[in-house]
Peer 1: 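Dumping the structure here so I can ask a few things about it.
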Amino acid sequence: MTGTTPFRIRVVDVAAEAEGVKSFGVVRCDGEAFPYWSPGAHLDLALPEGLGRQYSLCGGSADGMTLRFAVLREPAGRGGSRFLHEAVAVGDTLEVAALRNNFPLVEADRYLLVAGGIGITPLLAMARQLESQGRDWTLLYGGRNRASMAFLEPLAEFGDRVIVRPADECGLLDIAGFLGADAPGKVAYCCGPEPLIAAVEAHCADWPEEALQLERFHPRMQAAPPAAAGSFLVELRQSGITIEVPADRTIADVAEDAGVYIPRSCNEGTCGTCITKVIEGLPDHRDSFLRPKQRAENKRIMPCCSRSLSARLVLDV
Ligand code: FES
């Protein structure tokens, strides 16, 4: 449903969606249609100076010839959003490393979507699809104030399915009131800043894992310093090699040097692209992607950032 072959895109439209938010309409430079994508998908952009950034898709044309993604300008960020806001205009081209979806819609009877700020981007695409399929869905959308909240106009078309709650008018989002109790067939989606995700995670702590789907922009704040900082061995079982990972490098980097590429995107444990099965050993989880139950099970690891508590790990790579 998505593609991992790099291609170039050309910007054909730039729109101001809200204070600090621009959306970019793009086509492929080779004139081809984009790979099939579904709501929740993002573009991995390979920006100048080695910046790799992920931007969620908010829409695209039905024939697959154009896509649109939205970008919040983050002055204190690492430079990707500043570059797109300040240096990219209609006619410019960009490199796409991949089109992926780590936040897909799962089958459910009822969808409760919670968006904070720019987190509306993938949820707008989800809302459109759920509405077109006649599904039961509701979206709770919070932001600092109305001027900072993108896509209020298209969302207004959905009537009372969308609850808009700017903080300066309404205060904090009523997560508990909106999500209610866990129930069979109910699934919650949340994308937004860390405090919002943490509040939703806390409310849904006892829900079945698949009943809560999250997408983070930034790594979760780690409560404790990393436990193990030394080197360790990793057997890449499928590849038939064992590597030694020193304290200052990641499993994924050392594996790549040894000729084994583990697909990656964010390189900071948030996107889920590099998820890998653990066959033996005890991971030292440092990601922000795995849910608490998954971390406790130790059956998966994010090798872009996580390490090992045991002297040796065996991975299904
Ligand atoms: S590359 Fe994003 S979680 Fe590892």
Side-chain angles (χ1 to χ4, degrees), residues 2 4 40-44 46 50-56 78 80 97-104 106 122 190-191 194 197-198 201 209-210 212-239 241-317:
T2 48
T4 53
H42 66 264
L43 287 175
D44 278 358
L51 286 176
R53 293 292 178 268
Q54 301 79 46
Y55 295 105
S56 294
R78 293 170 299 166
L99 172 54
R100 304 181 200 275
N101 194 344
N102 300 323
F103 188 46
V106 297
C190 179
C191 183
E194 186 58 29
I197 295 214
E201 255 188 323
E209 209 153 87
E210 59 284 357
L212 175 61
Q213 307 285 328
L214 303 170
E215 184 163 75
R216 286 185 152 84
F217 308 137
H218 301 296
R220 164 202 280 142
M221 305 269 265
Q222 301 287 342
S231 67
F232 54 93
L233 296 176
V234 179
E235 179 185 336
L236 308 173
R237 180 66 58 85
Q238 285 182 38
S239 312
I241 60 170
T242 296
I243 55 175
E244 180 170 358
V245 181
D248 60 346
R249 302 204 65 208
T250 68
I251 298 171
D253 280 342
V254 179
E256 189 168 351
D257 285 355
V260 179
Y261 180 66
I262 301 171
R264 282 182 278 168
S265 178
C266 70
N267 278 310
E268 59 183 13
T270 54
C271 75
T273 302
C274 67
I275 192 164
T276 299
K277 198 169 154 197
V278 176
I279 297 172
E280 281 174 41
L282 196 57
D284 174 7
H285 297 291
R286 300 191 186 183
D287 65 278
S288 308
F289 182 81
L290 293 176
R291 303 287 301 283
K293 191 169 151 218
Q294 291 176 308
R295 290 164 86 99
E297 285 173 350
N298 288 320
K299 291 181 180 162
R300 297 277 188 280
I301 187 171
M302 316 308 292
C304 69
C305 61
S306 293
R307 305 187 65 77
S308 183
L309 292 171
S310 50
R312 182 185 181 85
L313 271 183
V314 182
L315 303 184
D316 190 18
V317 176

Peer 1: Pair Ser56, Glu215 - check side chain to side chain contact (heavy atoms under 4.5 Å, CB included), show working.
Peer 2: CA-CA 10 Å; Ser56 294; Glu215 184 163 75; 3.3 Å; yes
Peer 1: Are Val317 and Gln238 close enough that some pair of their side-chain heavy atoms sits under 4.5 Å apart?
Peer 2: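 Answer no - side chains too far apart.
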Peer 1: I need the minimum non-hydrogen distance between Gly40 and Pro122, along with the two atoms involved.
Peer 2: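 Of all heavy-atom pairs spanning Gly40 and Pro122, the closest is CA-CB, 4.1 Å.
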Peer 1: When you measure from the side chain of Arg100 to the backbone of Thr273, do you find a donor-acceptor pair of N or O atoms at a distance under 3.5 Å?
Peer 2: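 Such a contact is absent between Arg100 side chain and Thr273 backbone.
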Peer 1: Does any non-hydrogen side-chain atom of Gln213 lie less than 4.5 Å from one of Phe103?
Peer 2: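 Yes, at least one pair of side-chain atoms sits under 4.5 Å.
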Peer 1: On a heavy-atom basis, which atom in Ile262 and which in Cys274 lie closest, and how many Å separate them?
Peer 2: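 Shortest heavy-atom separation between Ile262 and Cys274 comes out as CG2-O, 3.9 Å.
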Peer 1: Do Glu280 and Arg312 sit within salt-bridge range, that is, some charged N less than 4.0 Å from a carboxylate O?
Peer 2: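 Result for this pair is no, no salt bridge flagged.
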Peer 1: Using every non-hydrogen atom in the two residues, find where Ala255 and Ile243 come nearest and quote the distance to one decimal.
Peer 2: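 In this case the closest contact between Ala255 and Ile243 is N-CD1, 3.7 Å.
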Peer 1: How long is the straight-line distance from CD of Glu235 back to CG of Leu315, given to the nearest 0.5 Å?
Peer 2: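 With rounding to 0.5 Å, CG (Leu315) is 9.0 Å from CD (Glu235).
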Peer 1: Using 0.5 Å steps for rounding, measure from the CG atom of Asp287 to the OG atom of Ser306.
Peer 2: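 It comes to 4.5 Å.
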Peer 1: How far apart are the closest heavy atoms of Ser308 and Ser310, and which atoms are they?
Peer 2: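 Here Ser308 and Ser310 meet closest at OG-O, 2.7 Å.
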Peer 1: As an exercise, state the distance from CZ of Arg237 to CG of Asp316, rounded to the nearest 0.5 Å.
Peer 2: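 Taking CZ in Arg237 and CG in Asp316, the distance rounds to 8.5 Å.
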Peer 1: Salt-bridge test for Asp253 and Arg264: reply yes if a basic N is under 4.0 Å from a carboxylate O, no otherwise.
Peer 2: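 Yes.
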Peer 1: Is any side-chain heavy atom of Ile251 closer than 4.5 Å to one of Phe232?
Peer 2: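 A side-chain contact exists here, since the closest heavy-atom pair is under 4.5 Å.
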Peer 1: Grab the two heavy atoms, one from Leu282 and one from Leu313, that are nearest each other, plus how far apart they are.
Peer 2: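 Closest pair (atom of Leu282, atom of Leu313, distance): N-CD2, 3.6 Å.
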Peer 1: Output the distance between atom CD (Glu209) and atom NZ (Lys293), rounded to the nearest 0.5 Å.
Peer 2: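 If I round to the nearest 0.5 Å, the distance is 5.0 Å.
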Peer 1: Under 4.5 Å between any side-chain heavy atoms of Glu244 and Val254, yes or no?
Peer 2: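 No, their side chains stay 4.5 Å or more apart.
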Peer 1: Is the closest side-chain heavy-atom distance between Val278 and Lys299 below 4.5 Å?
Peer 2: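 When only atoms from C-beta onward are counted, Lys299 and Val278 do not touch, as no gap falls below 4.5 Å.
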Peer 1: To the closest 0.5 Å, what do you measure between OG1 (Thr270) and CG (Asn102)?
Peer 2: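 Rounded to the nearest 0.5 Å, the OG1-CG separation comes to 9.5 Å.
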Peer 1: Kindly indicate whether the side chain of Thr276, heavy atoms from C-beta on, has any atom under 4.5 Å from the side chain of Arg300.
Peer 2: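 With C-beta onward as the side chain, the pair stays apart.
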Peer 1: Do Asp257 and Arg249 have side chains that get closer than 4.5 Å, going by heavy atoms?
Peer 2: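 With C-beta onward as the side chain, the pair touches.
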Peer 1: Closest heavy-atom contact between Thr250 and Val245?
Peer 2: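 Closest approach of Thr250 to Val245: C-CG1, 3.9 Å.
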Peer 1: Quick one: pull up CE in Met302 and CG in Leu290 and give me the separation to the nearest 0.5 Å.
Peer 2: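 Atom-to-atom, Met302:CE and Leu290:CG are 5.5 Å apart.
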Peer 1: Report yes if some heavy atom in the side chain of His42 is under 4.5 Å from a heavy atom in the side chain of Ser265; otherwise report no.
Peer 2: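 In contact.
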